[in-house]
Amino acid sequence: MNARAPKEAVIKMYAKREDIHPREVKGPFATLRWACVWLTQALFYGLPWLSMHGRQAVLFDLGARKFHLFGLVLWPQDFIYLAGLLIICAYGLFLVTAVAGRVWCGYACPQTVYTEIFLWIERRIEGDRSARIRLDRQPWTLEKLGKRGAKHLAWGTVALWTGFTFVGYFTPIRALGDAVAHLGLGPWEAFWILFYGFATYGNAGWMREQVCKYMCPYARFQSAMFDRDTLIVSYDAARGEPRGMARNTAKGDCIDCSLCVQVCPVGIDIRDGLQYECIGCAACIDACSGVMDKVGRPRGLIRYSTENALAGGWNAKQIRARLLRPRTLGYGLVFVLMAAGLGSALALRTPLKLDVIRDRGSMGREVEDGKIENVYRLQLMNTGERPHRFHIGVSGIPSAAIADEDLVELDGASARAVPVRVRVDHGAARTGSNALTFTVTAQDDPALRVTEKAVFIVPR
C-alpha cells in the first residue's frame, strides 16, 4: 500500500541543441560549393549596382509601382509575369529535387551560402574545429573575449552589408548609399536594413542547422518528390560494414574514423541512412574520399547514388539511364512548356497600355456647333525605356473626331492620364450607346500601336 507510484515518463517535444563545429574539408564538392557561393553572392551584391538606360537595371520600385528588370519594365498589371516566373522557379526546384535530391539546399540556398561564409570567418578568427571546441570550453579571458568580439564584429559587418544590399533592390542603391553616408535614412529603409541584417546574423551565425531542421518547410515535403531513383548522398553499407581498423577480410572498408560526422554542417551520421536533415552538400563524400585515399581503398564508400543502385549494384551508366524516367520527363516537359509560354508572352508583349474611362458625370451633351460630345480619360502607360510621341485616333462612328490635341508625349517607363473630348455630327449615330474604338500609335514606330473599345452615348 505504501509503494511509491511509478514516475511518469517525460516526453520532450524539442531536442536541446548540441553545438556543432564542422571540420573544414577539401575536395571537388567543397570547391563546387565555394564556386556557388562566389557566383550567388556576386549576383546578389553586384546586380543593384548595374545600370541600364540610365537607371538601376534591377529595381523593385514599390513606391512608383514599377519593377525594372534589365530594361523590361513591369507594372502592377503585369504581375502575372512575375507570378509565372516564381511558379517556373518553384517547378524547376521540384524537377532538380526529383533528379538529384536536395542539391539546392547543399549548394545554392541562401541559408547554406551565408552559413558557409560565416563559418569561414569563424575559422579564420578562432581556428580549426579542435581550437573552436577548446575555446568554447575554456573560461572567459581577454583572448577569448577578443576572438569572440572580432568574430561577431565581422559577422555583423557582413550582415549589415547584406541588409543594405537587400534594401537596394527596392530603393535605388546609390541614393541609399548617400543617405547612409549622410545619416539621412528614412524610417522604413533603416528598419529593413537592420531587420534583414539581424535575420542574416541570427540565421547564419547562431541558428544555422536549426533553420534547416525546424524552420524550412522544404525538408519536410521533399520526400514527396523523392523516389528510389533519386540521386542522394549514400553510404554503401554492403561495402563498409562491419566497421573497424583491422586489415582483414572480416572488416569492411569503413574504418569508423567519424570524419563524415565531423564535417557535416547539420551534425548527422550519413551511415545511418537517408535522413530529412541531410542537405546533400556532399561534405561527407569529400572527407571519406580523402580517408579512402590514405588507407589505400577505392573511393565511393560514400557517394551520390540511388536506393535502387545500392540494392542492385548498378554502375554509373545504369544510374544515368534511370534519371530519364517518366516522373522526371513529365516534370521536364511541363517546365519547358511553362518557360516557353512565359518567354513568348514577354516577347509578344506590347510596351504600350491603354485604358479608356468615360466621364460618368456627363452621359453625352450637345455643344454649340450642333455636335454631340462625350468626354473620356485615357490612361496611357509606356512600359518601354524609350520616350515616344503618340497620336490618338478614334473610329467606329462616321465623323467622329478628337476635339483636343491628338498628340501626346510620354517618357519611358511612365504613365499619364489624358483627358479627351470626342465629337460626332448630329445624326451620325443612333440614340443611345454606340461602339467606338480608340487607337494610339507611336509616330516614330508605327508598329507600336494599341486599340481599346469604348462606348459613345447620344442623348435622347
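All values reported here derive from a predicted model rather than from experimental measurement.
Thr112 places no side-chain N or O within 3.5 Å of a backbone atom of Ala108 that could act as its donor or acceptor partner. Between the side chain of Lys353 and the main chain of Thr383, no donor-acceptor pair closer than 3.5 Å is present. Asp256 places no side-chain N or O within donor-acceptor distance of the main-chain N or O of Arg243, the cut-off being under 3.5 Å. Put simply, the side chain of Asn315 gets close to the backbone of Gln318: a donor and an acceptor are under 3.5 Å apart. Formation of a donor-acceptor pair under 3.5 Å by the Ser289 side chain with backbone atoms of Ala287 is not found in this model. Judged by distance alone, with hydrogens and angles left aside, the side-chain atoms of Ser414 form no donor-acceptor pair with the main-chain N or O of Leu410 at under 3.5 Å. A distance-only check finds a donor-acceptor pair linking the side chain of Arg327 to the backbone of Met225 [under 3.5 Å]. Under a 3.5 Å cut-off, the side chain of Thr40 and the backbone N or O of Val37 do form a donor-acceptor pair. In this structure a side-chain-to-backbone donor-acceptor pair under 3.5 Å is missing from Tyr114 to Asn203. Put simply, the side chain of Ser258 never gets that close to the backbone of Val261: no donor and acceptor are under 3.5 Å apart.
With rounding to the nearest 0.5 Å, the separation of CZ in Arg137 from CG in Leu135 is 11.5 Å. One distance of note links SG of Cys288 with CG of Asp236; it measures 10.0 Å at 0.5 Å rounding. If you take OG1 on Thr200 and CZ on Phe118, they are separated by 6.5 Å, rounding to the nearest 0.5 Å. In this structure, the separation between OG1 on Thr165 and CD on Gln41 is 9.0 Å, given to the nearest 0.5 Å.
The pair Arg377-Asp355 fails the salt-bridge criterion, with no side-chain N (NZ, NE, NH1 or NH2) lying under 4.0 Å from an Asp/Glu carboxylate O. By the 4.0 Å N-to-carboxylate-O rule, Glu24 lies too far from Arg132 to be salt-bridged with it. Using a 4.0 Å cut-off between charged side-chain N and carboxylate O, Asp78 and Arg349 make a salt bridge. Salt bridge Arg239/Asp253: present, at least one basic N to carboxylate O contact under 4.0 Å. Using a cutoff of 4.0 Å between basic side-chain nitrogens and carboxylate oxygens, Glu126 and Arg148 are scored as salt-bridged. Of the charged side-chain nitrogens involved, at least one lies within less than 4.0 Å of a carboxylate oxygen, so that Glu122 and Arg208 count as a salt-bridged pair. With respect to Asp444 and Arg389, no salt bridge is recorded, no charged nitrogen being found less than 4.0 Å from a carboxylate O.
Looking at Leu380 and Val440, their side chains come closer than 4.5 Å, going by heavy atoms from C-beta outward. Considering only heavy atoms from C-beta on, Val263 stays 4.5 Å or farther from Asp286 through its side chain. For the pair Cys260/Ile302, a side-chain contact is recorded, criterion being any heavy-atom separation below 4.5 Å from C-beta on. A 4.5 Å side-chain heavy-atom check between Met207 and Met215 finds at least one atom pair inside the cut-off. Tyr235 places none of its side-chain heavy atoms less than 4.5 Å from the side chain of Asp272.
Taking the six-membered ring where the residue is Trp, the centroids of Phe94 and Tyr331 are separated by 6.0 Å or more.
A side-chain donor from one of Thr230 and Asp227 sits under 3.5 Å from a side-chain acceptor of the other. No donor-acceptor contact under 3.5 angstrom links the side chains of Tyr107 and Glu116, judged on distance only. Residues Thr162 and Tyr201 have side chains that never bring a donor and an acceptor to within less than 3.5 angstrom of each other. Side chain to side chain, Ser130 and Asp128 meet the donor-acceptor criterion of an N or O pair below 3.5 Å.
Closest approach of Ile121 to Ala154, counting heavy atoms only: CG2-CB, 3.7 Å.
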**OP:** Could you walk me through whether Trp104 and Val96 pass side-chain contact (heavy atoms from CB on, under 4.5 Å), step by step?
**Re:** CA-CA 8 Å; Trp104 160 262; Val96 170; 5.5 Å; no
